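Since we're looking at a predicted model, the values are computed, not measured.
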Amino acid sequence: MKMTWKGLLPLLIFSAMGIFLAIGLTKDPSKLPSQLINEPFPEFSLPDLFDPETQIDQTYLKGQVTLVNVFGSWCVACDLEHPTLRRLAAANEITMLGIDWRDTMEKGRLWLERGGNPYDRVAFDADSILAISLGVTGAPESFLVDHTGQIRFKYVGPISDKIWRKEIKPIVLALEQEMEATP
Amino acid sequence: MNAPMITEFGQIALILALLVAAAQSVLPMIGAQKNDARLMAFGDRAATAQFILLALAFTALTIVFIQSDFSTKLVAVNSHTDKPMLYKISGVWGNHEGSMLLWVLILGLFGALVPVYGKTLPAGLKARALAVQGMVGVGFLAFIVFTSNPFERLNPVPINGQGLNPLLQDPGLAFHPPFLYLGYVGFSMAFSFAVAALIEGRVDAVWARWLRPWVLIAWSFLTIGIAMGSIWAYYELGWGGWWMWDPVENVSFIPWLAGTALLHSIMVLGKRHSMASWTILLAIAAFSLSLVGTFVVRSGVLTSVHSFAVDPERGVFILALLILATGGGLTLYALRAHKLRGGPEFTLVSKEGGLLLNNLLLCVAAFTVFLGTFYPLLIEAFSSDKISVGAPYFDRTFGPVMIVLIAFMGLGPLVKWRKDSWVSLKPHLLKSALLIAVVAALTFWLGKSVLGALSLGIAAYLAYSTLVAMGRKIKLGKPGAMKLLKAQPASVWGFFLAHMGIAICMVGVTGMSVWQGSEAKRLKLGESINVSGYVFTLKSITPGREANYQKMTGLVQVQKNGEIVANLRSSQRFYPVRDMITTEAGIKVRFMKNLYAGVGEGDPKTGWVVRAYVHPLVVWIWLGALMTALAGFVSIFDRGHRRGPKT
C-alpha cells in the first residue's frame, strides 16, 4: 500500500491531541489543585454546632492530622459519603472536623442525629465565611491538615471506602510519620 | 403488561439491539467484499430491526418514567410523582443513561433511513456505510449496556423519587438535547459514508450529492440545538447572557463550525468534483467533534464536578470509542489519500478558491475555540496549575477570524467557478467600502462605539453582498427576472437565507455586546434603578406555590419618559425535593430592545437584590440563527441532489 505524508498528517495531528486528552483524563477532574495546598489553614472562628456558645478556630487543628470535611444536611452526595466517615470514626482512623455549610443548626443537628455523628467537632458555617476562604465549590469537599495546621491535600466529592484506602490513607500515614519525626 | 415487566422488556430490547448492531457491523461488510448480494441486503434489514428495537427500549423507559416506577433506579434518581407530565417525559433524557439511549435511538433512526432513501445507491457503498453505522452503534450500545444501564433496578424501592434538577425543568431545555443530538448523530451519516467511500477508494460527485441532504439535516438541527441552548441560558440562568464561552456551549459550537465547512466543501465536490480530501476529512472531523461534545459533557472532564456524577470509567470508554472512530477513519484516509483525485484545476480567485478559503477559516475558527476549551486540560496534563480561559481569549482570537470569514463570505458567492479576476470584483468592492463607511459613520454618530460601528458596517456589507449575489442570479433589472426568481433551485434560497441569517445574527451580537445596559442594586418596595434611560421600579413581592415548587414573585415596573412600558414579573423558585433555588427572570421581549429584570433574595427591611438589564437587538441573534437553520432545511429540497452528474 502506498502512503503519503500528506495523507498521514491528519492522523498524526489527531494522535498528538488524543495523547494530550488521555493524559488530561487520567488526572481525576475532582482533584482540583487548591491554591491552599501547603498553605496554613485559613484563620476562622465559628460556633460549635452542638454548643453555639463556644467557638472553634484554627488552633483546634494543631497537634494532630485532621480531616476537615465540608457537608450540609441539604447535600445529597453527603448522604453517600456518610457511611464511610462513620466507619472511619468507628475505627478511630483520624480526627475529623466537620464544617456544616449553608445549613440551619436545627437541620444540621437532626441530620447528624439520624445518620450518626462521625465528627470530633462540628463548626457551623451558615454564611460561607470559612467556605469562601477555603475556596469550597460544593459539598462534600475534604481537606487534610497536618499537625502544624497546614493544608496538605484536598478532595472534591464524596469519599468512598475505596478512595479512602487508595488515595487518602497513604497521605494520612505519611503525615503522621512526619509528625512523629519532628520533636 | 404491569410496570415491573416493562423495565425488563426494555432491557431485553436493548440487548437485542446490541446483538443486531454487531451483526450489522460485520455481515454487510463481508458481503460487499465478496460481492454477495444477500449479505449486503442484510444491512438494510439489520438497520431497520435495530431501530425498531431501540424505539421499543426507549418507549419502555418513557412508560416507566410516566408511571413513576421507582423500582427502576434511573426513575428514582431523576423523577418525582409531583413533577408535571412534560418533565416526567423529558426526564427520560435529562440524565446520563437516558440521554445516551436517546443518542443511540437517533443513530438507529438515521441508519434505518438509509435503506428508505438509498435505493439508488451502489449496493457496495450502502452495505459498507451501514456496516460502519453498525460499528458506531455497537460501540455506544456496549457503552450503555455495560457502564450506563438505564434499566437498572433499585432495591428497596423508595417511596418517592429525588426529582429532576430544577434547572432542567424548563420547556426550552426539555427539547434542547434531542435537537442537539439530531445534529451530533446526524454527522454519523457523513462519517459512515466517508469511511465507506475510503474503503471503496472512490469519492465522487454522486456520493457527495447523495450525502449532502443528510449533512444539511444534521447541521440545521445542530443550529437549532445551539440556538435553543443559548435562549435557555438567556432566560433561565438569570444573568441575561446569551453566550458564555462555557465549555459545554463550546463543544457544541466546534462541530457546528466543522459541519459548516463540510457543508460547503461537499457542495463543491457535488458540483465541481474537487475538494474530495477536504470533504472526507471534514466528515470525519465533524463526527469526531460531535463525539467530543458527547464525551466532554458526559465525562465531566471540563464541566463542574457537582452537576453530574463523575465517573472516569465512562469517560475512558467514550474516549476509547472516539479514538477508534477517528483514529480508524484517519488511518484509512492515510492509506487511501493518494487514490482521491484532485479534480479540475482552479485559480485562487474563483468560487472554488473562495470556498477553500472558507474551509480554512472555519477550521481555524474551530481550532481556536477548541484550543480555548481544551487548553486548561492540556496545561493540567503537564503541570499542576489550574487555569481558566475566559471570554477575553475568545473575543480576541475568534472575533478577528470571524471578521475575515465574513469579509470573504460577502465576496465568495459573487465570483465565478474555476477562474475569475480581482478586476471584475472591483466595482462591488468599491460600493461595499462606501456602504461600510456610511453605516459605520452613522452608527458611530448614534452609538458612540468604534467596535459597534465597524461590526454593523460589516454586517450591512454581508447583507448587501448577499442581495447583490441573489440579484445577479436572477439577472435583476432585465426582463424575466421574476421568472428566474421563481426558477431558482432550493439550494440558492438556502444560500440566501443562511447568509442573511448570519448577517442578522451579527447585528444582534453587536447590539448585545456593545450597547447592553445593566445595573444591580438592593431595592426596597417603591425604590428604583436607572438603566439606559429606563427606570425599573420594584412594585411588589408576592409569595405563591405550584405543584413542585414554592415561589416569590417580584413585580418590576419599567418606565421611560414617565410612561409605563412594561411590567416584569421575576420569581425565585424553591424546589423542596432537591432543596434548590432558581431564579426566573422577567423579560419583555421586543424587536429592538429587551427589558429584563431578575429579583433575587432579600427581605422587607434591607430590600431585595434587583438586577435590571436593557438588551438591544438580542432577539436578532436567535432570529438570525433560526433563519440559518431554516436555510439548511430549505436546501434539502434541491432537485439537484437527485439528478445525475452535471458538468
Once rounded to the nearest 0.5 Å, what's the spacing between atom CG of B:Leu330 and atom CZ of A:Phe14?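 The CZ atom of A:Phe14 is 6.5 Å from CG of B:Leu330, to the nearest 0.5 Å.
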
Counting only heavy atoms not in [X], do more than 12 fall under 6.0 Å of its [atom1]?
| X | atom1 | answer |
| --- | --- | --- |
| B:Arg202 | CZ | no |
| A:Phe50 | CZ | yes |
| A:Glu43 | CD | no |

Can you give me the closest heavy-atom contact between [X] and [Y], atom names plus distance?
| X | Y | value |
| --- | --- | --- |
| A:Leu11 | B:Gly327 | CD1-O, 3.7 Å |
| B:Ala334 | A:Leu8 | CB-CD1, 3.4 Å |
| A:Gly7 | B:Ala337 | CA-CB, 3.6 Å |

